[in-house]
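Just so it is clear, the values below take in all heavy atoms, side chains as well, and ignore hydrogens, waters and symmetry mates. All values reported here derive from a predicted model rather than from experimental measurement.
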Amino acid sequence: DGDVIGKQKRLVLGPYLGRDGKAVETYRIEAVKIIGRAARGDDAASKRQAQRRGLTVGELVDKYMREHAPKKRSGEVDRQRFARYVLPAWKSRKAASITRGEINALLVPIEHGDKAHQPRPAEAMALLALIKKLYAFGLDAEVVAHHPCVRMKVQTARKVRERELINNPADLRSFWTITTPEYMPANYAAALRFQLLSGTRPNETVCMTWRELNLEANEWTMPAARIKNKREFLIPLTPTLRAIIDAQARGTEYVFPAEQGGKYSDKMRRLLLARAIEAYRAEGGKLERFTPHDLRRTAETAMAAAGVH
């Protein structure tokens with residue numbers, strides 16, 4: 001035995017089909033392989049027992065959400081993806097029993113689309129990344145013994161396209177047009193303009209508070225808790241950025257507040273932008289759909305072209 005020398009274990013290879021059954025010779029060959037693996041410390045019977053005793057996917061997800069997700073800014077997004085895709089498919093299954101083929105079967109309808117949905121390769125990539133993180137967490141916590149999707153990739157025929165408005169100056173003019181009260185709430189329009197001009201992330205901009213600003217020094221200090229690399233970051237306020245801030249009304253915690261003084265959620269930000277683009281296109285305007293995060297890529301490209309690193 002691989003763990004305890006001299007200990008005997010039984011392992012069922014398959015049904016007995018009689019002396020003349022073709023399976024007998026196959027089982028003999030398989031038995032020789034198993035004995036060889038056991039001699040090297042690979043105990044197949046113990047592995048099967050561990051699978052039966054191990055955590056279910058639902059239990060592993062619960063442990064991940066309790067112990068790991070609170071450390072991530074995307075913890076709520078993780079919870080939503082687990083609830084939408086992973087738990088309906090595998091909640092009661094043992095985590096150790098999930099195979100690469102089953103993971104691929106879960107991803108394919110998302111990646112390539114089905115009767116109810118358009119292809120969503122970016123969502124498939126995000127889901128695969130989350131499943132990888134789940135099993136990596138399980139390995140580190142020593143509650144699973146294998147990782148079923150090591151080196152696994154989404155094999156999409158459609159490359160996930162990142163939009164960069166800077167490649168088309170006409171798009172930038174259209175962007176400036178839709179970021180007005182005619183197409184969206186004034187506070188969110190101002191936030192989008194500020195985001196593009198500062199190169200910040202969507203959540204960093206809409207969560208800006210008045211306390212973070214030093215208007216005498218024309219500086220904005222973002223707290224470490226809201227930055228991806230968890231380091232406090234200072235952004236100088238250019239005259240254009242300062243003008244956007246000065247135009248905002250005081251009286252709430254946030255510089256770019258949603259209705260009733262709260263902050264804009266991810267879902268609401270995407271919805272407001274999508275509606276504005278559709279309204280603009282309905283009037284004959286030409287502007288391809290993009291997301292708030294695409295503005296950061298646009299700013300990065302513009303700064304690189306200007307020699308800013």
Side-chain angles (χ1 to χ4, degrees), residues 44 47-162 201-203 228 263-275 289-294:
K47 283 186 176 180
R48 292 186 183 182
Q49 290 175 3
Q51 285 186 3
R52 289 193 291 269
R53 293 193 304 265
L55 295 182
T56 65
V57 172
E59 291 168 339
L60 180 58
V61 167
D62 286 343
K63 186 175 179 66
Y64 174 97
M65 293 304 300
R66 286 195 313 271
E67 300 177 14
H68 183 66
K71 304 173 187 176
K72 302 175 59 185
R73 291 193 305 166
S74 60
E76 176 59 21
V77 177
D78 289 352
R79 185 194 66 77
Q80 293 173 3
R81 286 199 172 102
F82 283 135
R84 183 174 183 181
Y85 304 112
V86 176
L87 295 179
W90 306 327
K91 182 177 181 179
S92 300
R93 292 275 305 279
K94 296 296 183 182
S97 72
I98 303 302
T99 65
R100 293 174 71 90
E102 289 173 315
I103 295 171
N104 188 60
L106 186 67
L107 296 173
V108 165
I110 305 169
E111 179 185 357
H112 298 289
D114 53 27
K115 293 181 180 179
H117 301 95
Q118 294 293 319
R120 292 167 293 158
E123 180 69 2
M125 291 171 63
L127 178 58
L128 176 58
L130 179 59
I131 296 172
K132 287 182 176 181
K133 290 175 187 175
L134 177 67
Y135 274 91
F137 165 79
L139 285 173
D140 291 341
E142 298 184 350
V143 293
V144 296
H146 83 298
H147 197 311
C149 42
V150 173
R151 300 182 66 183
M152 193 172 179
K153 297 180 180 180
V154 171
Q155 303 295 332
T156 181
R158 297 178 55 186
K159 183 179 180 181
V160 179
R161 188 167 62 93
E162 297 180 345
R201 295 179 175 86
N203 196 55
K228 191 172 184 179
K263 67 178 181 180
Y264 288 102
S265 66
D266 292 346
K267 182 178 180 180
M268 181 56 68
R269 295 199 303 267
R270 292 192 297 268
L271 180 62
L272 290 173
L273 181 57
R275 285 179 175 174
R289 296 179 181 85
F290 64 94
T291 69
H293 194 75
D294 291 325

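Between Tyr85 and Ile131 the shortest side-chain heavy-atom distance does not fall below 4.5 Å. Looking only at side-chain heavy atoms (C-beta outward), Arg93 and Ile98 come within less than 4.5 Å of each other. Looking at Ile103 and Cys149, their side chains come closer than 4.5 Å, going by heavy atoms from C-beta outward. Inter-residue side-chain proximity for Arg269 and Leu273 is flagged as unmet; no heavy-atom pair is nearer than 4.5 Å. When side chains are defined from C-beta on, Leu107 counts as touching Leu127, because their heavy atoms get closer than 4.5 Å. In this structure the side chain of Thr56 never reaches within 4.5 angstrom of the side chain of Val61, judged on heavy atoms.
Smallest separation of non-hydrogen atoms from Lys94 and Gly54: NZ-O, 2.9 Å. The two residues Met152 and Leu128 have their closest heavy-atom pair at O-CD2, 3.4 Å. The minimum heavy-atom distance between Met65 and Pro70, with the atom names listed, is O-CD, 3.1 Å. Taking both residues in full, the closest heavy atoms of Leu55 and Lys63 are given as CD1-CD, 4.4 Å, listed atom of the first, atom of the second, then distance. Scanning both residues, Ala89 and Leu106, for their nearest heavy atoms gives CB-CD1, 4.1 Å. Contact detail for Pro109 and Ala105: the closest heavy-atom pair is CD-O, 3.1 Å.
The closest donor-acceptor contact from the side chain of Asp140 to the backbone of Phe137 lies at 3.5 Å or more, if one exists at all. Checking side-chain atoms of Tyr135 against main-chain N and O of Ala95 turns up a donor-acceptor pair under 3.5 Å. A donor-acceptor pair is defined here as one N or O able to donate and one able to accept, closer than 3.5 Å; no such pair exists between the side chain of Glu67 and the backbone of Tyr64. His147 places a side-chain N or O within 3.5 Å of a backbone atom of Lys132 that can act as its donor or acceptor partner.
We find the CG-CZ distance between Leu60 and Phe82 to be 7.5 Å, quoted to the nearest 0.5 Å. For the atom pair OG1 of Thr99 and NE2 of His146, the computed distance is 8.0 Å after rounding to the nearest 0.5 Å. To the nearest 0.5 angstrom, Gln80 atom CD is 8.5 Å from Lys267 atom NZ. Atoms CG and CG, on Asp62 and Leu87 in that order, are 7.5 Å from each other to the nearest 0.5 Å. Note that CE of Met125 and CD of Glu123 are 11.5 Å apart. Values are rounded to the nearest 0.5 Å.
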Quiz item: Given Arg81 and Asp78, is the salt bridge (Lys or Arg N to Asp or Glu O under 4.0 Å) satisfied, shown in steps?
Solution: CA-CA 5 Å; Arg81 286 199 172 102; Asp78 289 352; 5.1 Å; no
